[in-house]
Every structure is written in structure tokens, then in C-alpha cells.
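Order of the sequence lines sets the chain letters (A, B, ...), proteins ahead of strands, with each chain counted from 1. All of these numbers come straight from a predicted model, not from anything done at the bench. Atoms considered below: every heavy atom in the structure, side chains included; atoms not considered: hydrogens, waters and symmetry mates.
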Amino acid sequence: MLKRLKNPTGYFILGGLAIFLVVQILLSAGILNNFWRGIIFWGAAITMVTLGLNLIFGFNGQFSLGQYGFYAIGAYGAADVTYRWVHEDPSGVVVVFFGLWLSLLLYALVSVLLRRFYGITVMTKFTAYLLATILAFWVAVKVLLPVLGPVTMTLLGALPEAVSQQIVFFIALLGGAGLAGIVSFIFGIPVLELGSDYFGIATLSFTIIIKVLLDNTDTLLPFPEMKGARGMIGIPQWTTWPWVFGTFMLVVVVMRNLLHSSSGRTILAVREDERAAELVGIDVNWAKILPFVMGSIFAGLAGGIRAHDMAFLHPQSFNFIQSFNPLIIVVFGGLGSMTGTILTGFIWIFLLEGLLRLYLPSGFETWRFVVYPLILLLMMLLRSEGLFGEYELPFLRRSALPLRRKVASEESEEVA
Amino acid sequence: MAGRPKGLAPEIETRPVLLEVSKLTQFFGNLRAVYDFSLTLHAGELVGLIGPNGAGKTTIFNLITGVYYPTEGSIRFRDVEIVGLPSYEIIQMGIARTFQNIRLFSDLTVLDNVLIAYHPHAGYSLLDSFRRNKRFQAKEAEMTARAQDFLAIFGLDERQNDIAGSLPYGLQRRLEIARALATRPQLLILDEPAAGMNPQEVEQLMELIHFIRERFHLTILLVEHRMQLVMNICEWMTVVDFGEIIARGQPAEVQHNAQVVEAYLGRQTVDLK
């Protein structure tokens with residue numbers, strides 16, 4: 001048993017468990033108060049958002065400013081599900097859960113259909129998938145909700161409250177992440193065609209659109225419970241350390257496994273040279289959509305975690321100036337370095353929201369957005385490869401493969 | 001070397017047609033880049049496409065590989081119309097190409113460069129790679145072994161963990177050809193493979209082209225500026241100028257074609273010797 005753990009994966013699992021236990025004990029013993037608990041959870045959320053951005057920008061080379069938009073979608077989406085649930089309304093749970101699966105089903109159908117035609121334009125593709133999404137959620141709201149709503153209510157109601165609460169929270173997180181994924185997929189189809197610079201501008205406007213929509217959730221959108229620019233209150237505070245740790249580890253492991261696979265190599269190839277990647281037979285559109293959707297799902301998941309920790313959401317915390325936060329962290333940690341992002345993400349929140357908020361004079365918040373860009377600028381000039389440079393934890397490293405034994409290669413030459 | 005093409009030529013005519021380009025025309029705005037270009041490639045041929053700078057050779061390659069959509073004309077590969085297909089599907093059908101200016105994934109390792117070209121044949125799904133199950137492990141190991149075998153053929157196996165951009169120029173060209181061949185093509189399109197090479201490297205390149213052609217049973221279409229290279233290895237040549245075909249035939253015939261001489265050297269000079 002111990003021997004099996006003596007490899008990077010084993011150390012990673014043991015290290016993860018140790019961190020989990022230490023933090024859990026500190027939290028249970030009350031050594032870490034609510035403030036520090038919030039800082040740790042916040043750090044984890046920001047790090048997940050930033051890992052997503054690193055996947056999109058650092059590994060795939062698509063400059064994105066839209067990450068906070070997806071963070072917001074995840075936060076508001078998940079919060080709405082649980083908010084409705086605690087107000088005896090199963091509609092959030094039913095619509096989000098079944099809407100997601102229906103959408104995925106319809107996407108599969110649409111992609112099979114589209115494959116039958118030559119020369120499909122981007123806008124056709126976009127329209128087809130958009131219509132599929134609308135249809136899926138229309139069905140979920142108009143057909144499934146009246147039928148399954150009461151059923152879900154009685155089924156989950158029959159369980160003890162502690163259990164049903166966890167199930168609803170799980171569906172809420174899944175829903176927030178899934179909604180972010182769906183929106184990024186639909187949005188990404190036309191926009192990823194643009195190429196990196198224009199993509200950056202498009203994603204910036206996406207963040208602004210989301211912010212404006214959130215400001216008007218009660219007037220423009222039919223979500224009075226989100227209360228528009230006044231901020232959404234009354235979200236149950238369900239985020240616990242096991243949830244934070246679990247989702248965080250899920251994000252890290254999924255991202256690492258993606259990057260260490262063949263699809264991961266195509267993602268890197270697109271960053272290196274898009275044209276060359278296409279001309280060695282790689283579906284470049286897919287190799288750009290995939291990391292974009294994955295990165296957005298990470299952000300959405302983080303949003304759900306953050307929303308149920310703060311118990312309060314305000315559109316102002318998702319404006320586009322905030323969306324530079326993950327960008328700064330990514331640049332600090334190093335583009336294309338997971339370890340760098342993880343460490344920098346936590347350090348960032350720990351220093352700037354933890355220590356500095358406690359020890360610096362109260363006017364500091366105003367200066368933050370003067371200081372951040374300056375730090376960013378200095379970083380770019382002095383150490384453009386990021387604080388941690390090329391370093392990766394052994395578990396996250398794409399290790400160099402050993403050279404093949406010479407005997408084998410001589411054999412193959414004989415065959416030749 | 002010069003004797004061999006003559007013996008091959010009549011026999012090749014009877015082989016199946018691999019690529020048939022007919023009446024290909026491409027305008028960029030008012031600029032006529034390619035006009036009424038036709039070309040038939042039989043399986044196993046080695047054909048050169050030459051012409052002065054700006055004659056439209058690279059445009060023709062870009063049209064064949066789906067980078068541009070032609071204004072007019074048809075391109076059939078193995079009897080399938082490929083105009084309008086996205087590049088990656090054309091490549092997966094069995095056309096591979098290299099670039100005039102080398103385009104490797106220069107921050108990745110030599111091995112990764114080849115593995116990326118294997119991606120369409122990876123044989124495991126995205127879900128498998130998230131779960132890292134047995135199938136993933138097995139297929140990944142198989143892919144790596146194949147890529148290593150493949151690099152050994154090109155003498156690059158010792159360099160598998162080097163960053164591609166750090167290789168010397170000749171090896172980068174070699175790696176680019178290896179990466180193109182890793183897509184398992186039937187037709188290989190080489191866009192000025194000898195550009196920027198010294199005479200010794202050109203010599204090695206010519207050997208390499210002959211070697212891969214026999215080893216992988218390839219049909220090769222080659223664009224080249226260096227007449228020496230083209231004259232030595234191509235069996236058939238097509239000469240284009242201003243996007244139009246001005247001559248075609250065996251190297252020796254083409255060499256003395258008045259129009260070709262004019263296109264290359266101008267009107268005054270007639271004697272190529």
C-alpha cells in the first residue's frame with residue numbers, strides 16, 4: 001500500500017489529505033475564525049477561476065477577459081437554485097438539472113446533424129446550437145417542471161433535511177457550472193473564430209453585458225429574487241470545507257488530466273501555431289472550444305462555491321475591473337503553469353484581502369487599482385515567465401519520457 | 001538518379017489517379033493569383049511545381065489543403081471532391097504538407113510535435129483521458145512507442161525531449177517532414193523544402209525525399225526554387241507563371257522550353273547553359 005503511493009500521484013494524494021485534515025481541524029477547533037475561513041474559501045474560488053483562465057489563455061493562447069462573466073453566471077445560477085429551494089420552490093433544481101441534460105442531448109443530435117453537411121458557416125452552427133439550448137430549457141420549464149416539480153419536492157422532502165440539502169447544493173453547483181459551460185459554448189462558437197486579440201475584446205464586452213444584465217435581473221430578466229443592482233440576499237450559507245476542497249481538487253485533477261492527454265497536446269499546439277495545427281489534421285475549432293468551455297465551467301463552479309459562502313451577491317463584484325484579477329494572477333503565476341496559478345491565487349487573496357485588509361489603513365481599497373497594474377507592469381518587465389517560472393509540482397508536470405532502448409530502434413530500422 | 005524516372009514514367013500513367021485538380025482559379029480582389037490551373041497526380045508520382053516568385057505556387061498548395069476556398073474549379077482527391085472541406089478533414093483524408101517557412105510547435109518537444117499529428121488516431125475519448133483508465137494508458141503508451149519508432153526512422157529519436165525550436169535548421173525541416181508523415185498521408189506536399197539550406201543539407205534532403213517516398217509509398221508534389229533539386233528528383237514538372245501553366249513535361253524537356261526560360265531569366269537571355 002505504501003509502496004504504491006511512492007510516486008507523484010501518491011504524494012499528491014497524501015499531501016492533499018494532509019492539507020484537508022489540517023484545515024478541517026483548525027476550523028473545527030476554532031483557531032481559524034470566520035474571517036480566515038472566508039479567506040481560504042475565497043482563495044480556493046479565485047484559484048479555480050484563474051486555473052480556468054490559465055487553461056484558456058496560458059495553455060490555449062486565447063486572450064480572455066470574460067472569466068468573471070462566467071464566474072458571475074455560476075454564482076447567480078447556483079444561488080438561484082438554492083434560494084428557490086429554501087423558499088419551497090423546486091423550479092430551480094428541476095429546470096437547471098433537466099435543462100442541462102436535455103441541452104447536452106440536443107447538442108449531440110445537432111452535432112450529428114451538422115456533420116452531414118459540407119461548408120456549414122459559423123453563424124449557422126451558432127444558430128443551431130442556440131436554438132437547441134432554447135428548446136431544451138423551454139421544454140424544461142414548460143413541460144418538465146409542472147410534472148417533475150411536485151415529484152422532486154416529495155422525493156427530496158422525504159429525505160432527512162441534511163441529506164436533501166447536500167443533494168440540492170450539489171445540483172446547484174452542477175447547475176451553475178453547467179450554465180457557465182453552456183453559455184461559453186454558445187458564445188465561443190462564433191467568437192473563438194476571431195483570433196486572440198479580437199477574442200479578448202469580445203470577452204471583455206461579454207463581461208460588461210453580464211454585469212448589465214445582473215444589474216437589471218428584476219426589471220429586464222424574470223428573476224425578481226436576484227434584486228438587480230441592490231444585490232441578492234438570503235442565499236443559504238452551505239459552502240463547507242469539504243465542498244471547497246472537493247471541488248478544488250476536482251478542478252485541479254480534471255485540468256491536469258486534460259492537459260496530459262492527446263487533446264491536451266492539441267490545445268498546446270493551437271497556442272503554438274494555429275495554422276500548423278490545422279494542417280496536421282487537428283480540428284482547431286474544437287481545440288479552442290474545449291478549453292474555453294472547461295475553463296468557464298471551472299469559473300462557474302467557483303462562482304457557486306463563493307456565492308454559498310458569502311450568502312450575498314452583488315453585480316458590482318463582477319464588473320470588468322474585477323475581471324482583471326484572475327488575469328493578474330495568471331501573469332504572476334506564469335502563463336501555462338498550474339503550480340504557479342495555484343500558489344499565486346491563494347497568496348493573492350491571503351495578502352490583499354487577508355493581511356492587508358487587517359493591517360493597512362482603510363483608504364487602501366481606493367489605491368488598489370493603481371497598485372495592481374503597476375505590479376503587473378513590473379512583473380511583465382522583470383520576470384515575464386511568472387514567479388515560479390517553469391516549475392511544476394511533480395504531479396502536475398508533463399515529465400519527459402525516457403529515451404527508448406537502443407535495441408528496439410535498431411530492430412525498427414531493420415524493418416525499414 | 002537521372003536514369004530512373006524515365007523507366008518509371010510510362011508505368012505510372014496506368015496507375016490510379018490520386019489527385020485531380022481541374023480549372024482551378026483564385027482571385028484575391030482583382031489580383032489573379034491562380035488561373036485555370038489543372039494537374040493530375042497518379043499514385044506514386046513525384047511531381048515538381050516550379051515557377052518564379054509570386055507565380056502562385058504556394059496559393060495552389062493552400063487551395064489544395066483547404067486554407068483558401070477557390071473562386072472556381074474543382075479538386076478531387078481519391079475521387080472525392082475536397083473543395084469546401086475544412087483543412088483538418090482534408091489532412092485526415094491523406095494529404096499532408098510542409099511549409100515554406102518552417103512551422104513547428106517550437107516550444108514543445110520533438111516527441112510532442114509528432115504526437116500531436118497522431119491525435120486523430122489517438123483511439124481514446126475525452127472521458128477516458130479524464131479518468132485515466134486502462135484504455136487511456138494503453139493507447140497513450142502505444143502512441144508514444146509508435147512516435148518513437150517514427151522518430152528513429154528520421155534519426156531524431158535521441159532528440160525526442162529537445163524543444164523543437166532549439167534544433168538546427170536542417171533537423172527542424174526533417175522534423176517538419178516527419179510530423180507531416182505522422183498524419184499518415186498518401187500525398188505529401190512539400191513547399192520549398194530546400195529554402196535556406198546549404199548544398200550539403202540539400203543533398204541530405206534529396207536523399208530523405210527518395211527514402212520516405214519508398215518507405216511510405218508516397219506520392220509527392222514539390223514546390224521548389226532550386227532547379228538543381230527539382231531537375232534531379234522529379235519525374236514530371238509543371239511550370240507556372242502568373243498563376244497559369246506555361247509548360248509541363250519531363251525535366252529535360254522543360255529545361256529547354258523557351259517560355260520557361262523566359263519566365264525565369266527574362267526575354268533577352270535564351271541560352272540556359
Side-chain angles (χ1 to χ4, degrees), chain A residues 9 59 61 115 117-121 250 253-287 290 293-294 335-336 390 398-416, chain B residues 65-67 69 81 83-93 96-99 103-109 111-113 115-120 122-124 126 128-132 136 139-140 143-145 148-153 157-158 160-161 164 176 179-180 182-184 211 215:
Chain A
T9 314
F59 289 97
R115 210 167 290 165
F117 299 101
Y118 282 157
I120 296 273
T121 62
L250 184 75
V253 170
V254 163
M255 180 164 162
R256 175 255 190 191
N257 283 359
L258 173 67
L259 286 171
H260 292 197
S261 74
S262 189
S263 307
R265 283 190 293 263
T266 66
I267 290 170
L268 297 179
V270 167
R271 176 190 69 188
E272 293 295 314
D273 189 334
E274 205 177 307
R275 175 62 59 78
E278 179 140 35
L279 290 171
V280 293
I282 285 164
D283 184 352
V284 169
N285 287 333
W286 175 244
L290 177 66
V293 171
M294 295 292 297
L335 291 168
E390 295 279 287
R398 274 162 53 84
S399 46
L401 290 156
L403 290 181
R404 233 170 19 137
R405 272 171 288 118
K406 207 60 205 162
V407 191
S409 81
E410 273 160 16
E411 262 175 17
S412 81
E413 261 159 20
E414 271 169 34
V415 176
Chain B
T65 48
V67 177
Y69 188 89
E81 181 68 48
V83 168
L85 287 180
S87 290
Y88 73 93
E89 279 184 23
I90 294 176
I91 305 299
Q92 287 178 10
M93 283 175 72
R97 70 171 284 183
T98 63
F99 298 89
R103 300 182 85 151
L104 289 170
F105 306 124
S106 31
D107 283 346
L108 305 182
T109 63
L111 186 64
D112 278 343
N113 266 274
L115 282 174
I116 285 164
Y118 274 139
H119 173 69
Y124 59 81
L126 204 55
D128 290 330
S129 54
F130 288 146
R131 290 164 55 209
R132 304 213 130 213
F136 169 84
K139 291 284 176 188
E140 191 74 357
M143 246 168 106
T144 313
Q148 283 172 328
D149 275 340
F150 201 75
L151 283 174
I153 295 172
D157 52 338
E158 300 279 319
Q160 67 171 27
N161 292 328
E176 201 192 20
R179 187 185 65 182
T183 63
R184 302 184 184 170
F211 169 69
R215 176 76 167 72

Closer than 4.0 angstrom, basic N to acidic O: yes or no for R103(B) and E278(A)? no
Against chain B, work out which of S263(A), G281(A), S261(A) has the most heavy-atom pairs shorter than 4.5 Å and name it. G281(A)
By salt bridge (charged side-chain N to carboxylate O under 4.0 Å, His left out), which residues pair with E81(B), not counting sequence neighbours? R76(B)
Might you point out which heavy atoms bring H260(A) and E140(B) nearest each other, and give the distance in Å? O-OE2, 4.1 Å
Test L279(A) against F99(B) for side-chain contact (heavy atoms from CB on, under 4.5 Å), laying out the working first. CA-CA 10 Å; L279(A) 290 171; F99(B) 298 89; 3.3 Å; yes
All ring-ring contact (aromatic ring centres under 6.0 Å, His included) counterparts of F150(B), not counting sequence neighbours: F154(B), F216(B)
D283(A) side chain reached by E89(B) side chain, heavy atoms, under 4.5 Å: no
Kindly indicate whether the side chain of L126(B), heavy atoms from C-beta on, has any atom under 4.5 Å from the side chain of L258(A). yes
What part of V67(B) is in contact with chain A, defined as an atom under 4.5 angstrom from a non-hydrogen atom: side chain, backbone, both or neither? side chain
Tell me, do D273(A) and F105(B) make a side-chain contact under 4.5 Å, heavy atoms counted? yes
Heavy-atom proximity to chain A below 4.5 Å, by part of T98(B): neither
Can you tell me which portion of Q148(B) sits under 4.5 Å from chain A's heavy atoms? Options are side chain, backbone, both or neither. both
Indicate whether any N or O donor in one side chain lies under 3.5 Å from an N or O acceptor in the other, for S262(A) and H119(B). yes
Do Y88(B) and V284(A) come close enough that some side-chain heavy atom pair is under 4.5 Å? no
Heavy-atom distances under 4.5 Å only: say whether I116(B) touches chain A with side chain, backbone, both or neither. both
Mind listing the closest non-hydrogen atom pair of E272(A) and S106(B) along with its distance? OE1-N, 3.4 Å
Closest heavy-atom contact between I91(B) and V280(A)? CG2-C, 3.6 Å
Counting only non-hydrogen atoms closer than 4.5 Å, does Y124(B) touch chain A with its backbone (N, CA, C, O), its side chain (CB onward), both, or neither? side chain
Heavy-atom distance under 4.5 Å to chain A: side chain of T183(B), backbone, both or neither? side chain
Select, from V253(A), L290(A), I282(A), T266(A), the one with the greatest count of heavy-atom pairs under 4.5 Å involving chain B. I282(A)
